[in-house]
Amino acid sequence: MLRQVAEGVLIHESEFCQSNAVVVQGRAGVLLIDPGVQGHEMACLANDLRELGQPVVAGFSTHPHWDHLLWHAGLGAAPRYGTARCAATVRDRLSDPGAKARIAAQLIPPDIAEQVPLDLLGLITGLPADTVRIPWDGPQVRIIEHQAHAPGHAALLIEERGVLVAGDMLSDVLIPMLDLNGTADPIEDHLAALRLLEGVAGDADVLIPGHGSVGGADQVHARIERDRAYVLALREGHVPVTPGSAHRLRPAGNG
């Protein structure tokens with residue numbers, strides 16, 4: 001079921017790891033960001049949009065992990081975008097004919113594997129490297145690209161609505177998950193990303209993480225500071241244990 005979190009911005013929460021699909025209403029239809037995980041949930045989302053008379057006119061994947069690259073035929077054939085580096089990473093990872101089978105066997109939790117449709121996985125177009133906004137007929141959506149968590153990760157600022165879509169950053173249910181796959185300094189990459197998000201925090205009244213609870217303006221700064229403290233502790237060789245942090249130690253299974 002769709003839930004409005006700001007003017008013209010709605011979310012659809014998956015049963016899997018509190019994953020948030022984000023719907024942004026435009027003039028002729030909607031922009032759909034990270035559309036969901038299980039097939040029946042995406043079908044429900046497609047039905048909700050049909051009832052609203054709001055076709056999907058564009059899609060966007062915040063980063064190249066399987067649970068942010070899915071799609072459902074009921075959502076239509078709108079162009080689906082990602083950053084140039086995100087799309088290149090997806091192409092490389094899916095170039096092997098056995099890639100989808102490995103994703104199903106190794107990355108997707110067995111209890112939902114049969115519910116995750118992989119036929120339209122990763123069919124995204126990379127935007128030119130200098131693109132700063134998503135090309136679509138709706139509210140301006142600024143792309144804030146960084147290299148934390150995954151190559152070509154993008155947070156999105158829906159400027160006219162004061163909404164920050166954080167992708168797999170700033171979650172209240174997951175610890176900061178660094179990209180350890182071949183990056184030279186994953187800790188500094190994560191700290192640099194937090195600085196970028198801090199730079200736009202004052203423009204955000206609503207925070208939507210890829211997984212977890214939607215937060216208000218106060219939560220943007222609070223989660224940035226909490227995640228920075230965690231990453232700095234990792235750099236010093238220990239992980240902090242603080243009140244309320246235990247519920248954040250649940251892996252997303254992204255690989």
Side-chain angles (χ1 to χ4, degrees), residues 5-6 9 11 18-20 22 24 33-34 60-65 68 82-86 127 129-134 139-180 183-245 247-249 252 254:
V5 297
V9 181
I11 65 167
Q18 290 182 246
S19 302
N20 293 311
V22 182
V24 186
I33 304 165
D34 294 346
F60 191 89
S61 291
T62 57
H63 62 285
H65 286 161
H68 297 262
T83 66
R85 189 169 181 182
C86 171
L127 295 171
D130 58 352
T131 303
V132 295
R133 288 179 173 81
I134 294 177
Q140 293 195 3
V141 180
R142 192 194 315 175
I143 299 170
I144 303 161
E145 184 176 353
H146 57 78
Q147 305 310 320
H149 185 68
H153 193 302
L156 303 173
L157 182 66
I158 308 168
E159 296 176 324
E160 299 166 42
R161 304 290 184 255
V163 176
L164 178 62
V165 180
D168 276 5
M169 303 283 287
L170 309 186
S171 172
D172 64 336
V173 299
L174 299 175
I175 59 172
M177 292 180 291
L178 279 59
D179 181 10
L180 303 177
T183 60
D185 192 343
I187 286 180
E188 179 51 39
D189 286 346
H190 214 95
L191 292 172
L194 291 174
R195 290 193 292 271
L196 286 175
L197 296 177
E198 193 169 39
V200 300
D203 299 321
D205 299 316
V206 177
L207 166 66
I208 307 175
H211 305 276
S213 304
V214 174
D218 60 326
Q219 280 294 299
V220 183
H221 289 287
R223 294 188 194 182
I224 289 172
E225 288 305 318
R226 185 171 57 189
D227 285 359
R228 179 183 287 121
Y230 184 95
V231 175
L232 287 173
L234 285 178
R235 188 168 69 181
E236 297 302 316
H238 66 275
V239 174
V241 178
T242 58
S245 67
H247 71 288
R248 304 179 68 236
L249 305 178
N254 283 323

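Atoms considered below: every heavy atom in the structure, side chains included; atoms not considered: hydrogens, waters and symmetry mates. In this text the structure is predicted, and so the values were computed from the model without any measurement.
- Considering only heavy atoms from C-beta on, V200 comes within 4.5 Å of L164 through its side chain.
- Side-chain N or O atoms of H190 include none that pairs as donor or acceptor with a backbone N or O of A148 at under 3.5 Å.
- When side chains are defined from C-beta on, R161 does not count as touching V24, because their heavy atoms never get closer than 4.5 Å.
- Between H63 and H153, the angle of the ring planes stays under 30°, which puts this pair in the parallel group of the 30/60° scheme.
- A heavy-atom distance below 4.5 Å is found between the side chains of T62 and I33.
- Contact annotation: the side chain of S213 never approaches that of Q219 to less than 4.5 Å [non-hydrogen atoms, C-beta and beyond].
- The distance from atom CD1 of I208 to atom CG of L170, rounded to the nearest 0.5 Å, is 12.0 Å.
- In this structure a side-chain-to-backbone donor-acceptor pair under 3.5 Å is missing from D205 to G162.
- At least one donor-acceptor pair closer than 3.5 Å links the side chain of T183 to the backbone N or O of D179.
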### Audit row: E198, R195, salt bridge (charged side-chain N to carboxylate O under 4.0 Å, His left out) steps and yes/no
CA-CA 5 Å; E198 193 169 39; R195 290 193 292 271; over 6 Å; no
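- The CG atom of L207 sits 10.0 Å away from the CG atom of D218 when rounded to the nearest 0.5 Å.
- The closest donor-acceptor contact from the side chain of D172 to the backbone of G212 lies at 3.5 Å or more, if one exists at all.
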### Task
For the pair H211 and H68, evaluate ring pair (Phe, Tyr, Trp, His ring centres under 6.0 Å) and give the outcome as yes or no after the intermediate values.
CA-CA 11 Å; H211 305 276; H68 297 262; 5.3 Å; yes
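- Between the side chain of D227 and the main chain of M169, no donor-acceptor pair closer than 3.5 Å is present.
- Put simply, CG on D168 and NE2 on H149 are 3.5 Å apart, with the number rounded to the nearest 0.5 Å.
- Here the CD1 atom belonging to I158 is positioned 13.0 Å from the CG atom belonging to D203, to the nearest 0.5 angstrom.
- Side-chain contact between L157 and V141 is absent, with no heavy-atom pair separated by less than 4.5 Å.
- The side chain to side chain donor-acceptor pair (under 3.5 Å) check on R133 picks up Q140, E159, with sequence neighbours excluded.
- The structure places CG of D130 at 11.0 Å from CD of E145, a figure rounded to the nearest 0.5 Å.
- Atom CZ of R226 is separated from atom CD1 of I175 by 12.0 Å, given to the nearest 0.5 angstrom.
- You'll find the side chain of L191 reaches within 4.5 Å of the side chain of L232, heavy atoms only.
- Partners of R85 under the side chain to side chain donor-acceptor pair (under 3.5 Å) rule, at least two apart in sequence or in another chain, are Q147.
- Under the 4.5 Å side-chain criterion, counting only non-hydrogen atoms from C-beta, D34 is not in contact with V22.
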